[in-house]
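The analysis underlying the following values was restricted to heavy atoms, covering all of them including side chains, and did not include hydrogens, waters or symmetry mates. These numbers come from a predicted model, not from an experiment.
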Amino acid sequence: MPDRHDQTEGRVLSVRIIVIGASGQLGKQVARLAAGTGHDVLGWSSRDVDITDAHAVAEAIEAARPSVVINCAAYTAVDAAETDYRAAAAVNVSGAGNIAAACTRSRAHLIHVSTDYVFPGDAKEPYEPGSRVGPRTVYGQTKYAGELAVHAALPSAHIVRTAWVFTGTGSDFVATMLRLERERDTLRVVDDQWGSPTYAVDLAAGLVELATSRRAGPLSTAPADAEQSAGLVLHATNSGITTWWGLAREVFAAAGADPERVQPCSTAEFPRPARRPAYSVLGGESWRAAGLRPLRPWRDAVREAVGIAIADHHRMIVSETK
C-alpha cells in the first residue's frame, strides 16, 4: 500500500485513492482533482464494482490495495426513495457497510460522504456533527443508517456530511435554472427552505485534502468513544446560507439575466413525495477545527460554475452550427 507521507522529510507523497461513485456529480470531480495533483487514482462506478455485493467489494479493494477510499456513491433519488426503501437501503446502508468492512480488511482509510438529510430540518441555527439527528425521509433514514454501518465496521472512518451540491451541469439545480432562464420569462422558486449551496469542485478539493493529510490517521478497528466519533464526523459546505429562491436569483445574475424574473413561493405550493427540510444549514466549525481549508463563499462558487457552464453551452452551439 503506498505510504501517505515521507516520514523523514514530512513531504506528502503520492497516495493511491479509490473513488467509488466516480461517474457521479461529486465523484467525478474528486477523481479528476486527485489525479491532477499527482495521486494514483482508481475511479469506480457501479459498472466497475457493485457495492451491494460484499464479496465483490472486498475482493476489488483488496486487489487494488489503496491507502484511502472515498465513497461518493449513493442512492440520491429523494422522492423515489419514499416508495423504494429496498433500493435506497441497498446502496446507502448495505453498500456503505460493505465498503467499510472491505477497508477494515485491507487496512485502508475510508472517507464516506453523507448528507444534511440526516437531520430533521427544523433547527434555527446551523447543525454541527453532534447535533440531534432525526431524518424524516427514507433517503435521510438510509443515509444515517449508512453512517452507523460505516462506523460499526470501521470506527476510524471519516464521515463528511454536505448539502445542496451542484456543478452547473447535467440536471442539477444550477444547470436547471440556467436552462429555465433561456426557456421562460419568469419562474417561481421556493423561498422557505434554507441551506448552504456546495460546489462539487470545492467539496472535492476538501475531500482530497482530507484524504492526503495526516488527519486521515491510522486505521483503528477499536470502538470509538463519543469524543473520537465526534472528531470523525465533519460538515463541509460552501460558506454562507440562502434559500432556493436566493440561489436561483444568484444564478440568473451570474448569467447576466434579471434576477427579478425569479419569483418566490412557498414549499406548500409545490408538494413533493419526500418532505424537504425547512432548515438544513450545516455548521463549518468541525471542518475548521480539523485544520482543513474552509470552502469559499457560495456566491463566488456559483459565479464560477455559471461562467463555465455558459462557456460550455456556447461552445456546444458553435460546434453544432459547423
CD1 of Ile159 to NE2 of His235, rounded to nearest 0.5 Å, is 10.0 Å
Can you see which heavy atom on Ala157 is nearest to which on Leu232, and at what distance?
O-CB, 3.5 Å
Enumerate the salt bridge (Lys or Arg N to Asp or Glu O under 4.0 Å) contacts for residues 125-141, please, sequence neighbours excluded, ordered by first and then second residue.
Asp122-Arg136
Can you see which heavy atom on Leu33 is nearest to which on Ala205, and at what distance?
CD1-N, 3.6 Å
Is Ser106 reaching over with its side chain to a backbone N or O of Cys103, donor-acceptor style, under 3.5 angstrom?
no
Ser196 vs Asn238 side-chain heavy atoms within contact, under 4.5 Å:
no
May I ask whether Val118 and Leu110 are part of the same hydrophobic cluster, defined by side-chain heavy atoms of I, L, V, M, F, W, Y residues being less than 4.5 angstrom apart, directly or through others?
no
Does a side-chain heavy-atom distance below 4.5 Å link Tyr279 with Pro126?
yes
In this structure, are over 12 heavy atoms from other groups packed under 6.0 Å from Arg182 atom CZ?
yes
Is there a side-chain contact (heavy atoms from CB on, under 4.5 Å) between Arg275 and Tyr117? Walk through the geometry before answering.
CA-CA 10 Å; Arg275 178 177 179 176; Tyr117 272 77; over 6 Å; no
Under the side-chain contact (heavy atoms from CB on, under 4.5 Å) rule, what do His151 and Val233 come out as? Steps first, then yes or no, please.
CA-CA 10 Å; His151 271 167; Val233 179; 4.0 Å; yes
Criterion side-chain contact (heavy atoms from CB on, under 4.5 Å) on Val306 and Val174, from CA distance to verdict:
CA-CA 8 Å; Val306 169; Val174 170; 4.0 Å; yes
Side chain Trp287, main chain Arg293, donor-acceptor under 3.5 Å:
yes
Hey, could you give me each pair passing salt bridge (Lys or Arg N to Asp or Glu O under 4.0 Å) that has a residue in residues 194-204? Not counting sequence neighbours.
Asp202-Arg296
Should Asp300 and Tyr199 count as side-chain neighbours, where that means a heavy-atom distance under 4.5 Å?
no
Quick test of your reading: applying salt bridge (Lys or Arg N to Asp or Glu O under 4.0 Å), list the pairs with at least one residue in residues 138-157, sequence neighbours left out, ordered by first then second residue.
Glu147-Arg161
Closest non-hydrogen atoms of Gly43 and Asp48, given as atom of the first, atom of the second and distance, are O-OD2, 3.8 Å
To the nearest 0.5 Å, tell me how far Ser114 OG sits from Leu234 CG.
12.0 Å
For Leu187, which residues count as a side chain to side chain contact (heavy atoms under 4.5 Å, CB included) partner, sequence neighbours excluded?
Met177, Leu180, Arg184, Val189, Phe252, Val262
Are any non-hydrogen side-chain atoms of Asp116 and Thr237 less than 4.5 angstrom apart?
no
Side chains of Val19 and Arg32: does their closest heavy-atom pair fall under 4.5 Å?
no
Any chain of hydrophobic side-chain contacts (each under 4.5 Å) joining Val69 to Val93?
no
Residue pair Thr212, His39: steps toward the side-chain contact (heavy atoms from CB on, under 4.5 Å) verdict:
CA-CA 9 Å; Thr212 57; His39 298 293; 3.3 Å; yes
Of all residues at least two apart in sequence or in a different chain, which pass the side chain to side chain donor-acceptor pair (under 3.5 Å) check with Asp192?
Thr267
Grouping I, L, V, M, F, W and Y whenever their side-chain heavy atoms are under 4.5 Å apart, do Val208 and Leu210 come out in a common cluster?
yes
Would you mind listing every salt bridge (Lys or Arg N to Asp or Glu O under 4.0 Å) that reaches into residues 164-173, with sequence neighbours excluded?
none
Using side-chain heavy atoms (C-beta onward) and a distance below 4.5 Å, is Ile17 in contact with Val30?
no
Main-chain N/O of Val91 paired to Ser94 side chain as donor or acceptor, under 3.5 Å
no
Quick one: closest heavy-atom pair of Val302 and Val251, and the distance?
CG1-CG2, 4.0 Å
Whether Arg16 side chain and Ala64 backbone form a donor-acceptor pair below 3.5 Å:
yes
Are Ile20 and Leu154 joined in one hydrophobic group, where the rule is that I, L, V, M, F, W and Y side chains link up if heavy atoms are under 4.5 Å apart?
yes
Side chain to side chain donor-acceptor pair (under 3.5 Å): which pairs involve residues 252-261, sequence neighbours left out?
Glu181-Arg261, Arg249-Glu260
For Ala255 and Leu178, the nearest pair of non-hydrogen atoms, with its separation, is CB-CD2, 3.9 Å
Quick check against the 3.5 Å criterion: does Glu82 have a side-chain atom that pairs as donor or acceptor with the backbone of Val138?
yes
Are Ile61 and Trp44 close enough that some pair of their side-chain heavy atoms sits under 4.5 Å apart?
yes
Please identify each residue that fulfils side chain to side chain donor-acceptor pair (under 3.5 Å) with Thr198, with sequence neighbours left out.
none
Keeping the roles fixed (side chain from Asn92, backbone from Gly146), state whether a donor-acceptor pair exists under 3.5 Å.
no
Donor-acceptor contact present, side-chain Thr104 to main-chain Ala153, <3.5 Å
yes
Does Pro294 have any side chain to side chain contact (heavy atoms under 4.5 Å, CB included) partners at least two apart in sequence or in another chain, and if so, which?
Arg288
Trp244: which residues meet the ring-ring contact (aromatic ring centres under 6.0 Å, His included) condition with it, sequence neighbours left out?
Trp164, Phe173
Partners of Thr83 by side chain to side chain donor-acceptor pair (under 3.5 Å), sequence neighbours excluded?
none
For Gly38 and Ser14, the nearest pair of non-hydrogen atoms, with its separation, is O-OG, 3.2 Å
Mind checking what makes ring-ring contact (aromatic ring centres under 6.0 Å, His included) contact with Tyr127, not counting sequence neighbours?
Phe119
Is there a path from Leu295 to Leu207 through hydrophobic residues (I, L, V, M, F, W, Y) whose side chains come within less than 4.5 Å of each other?
yes
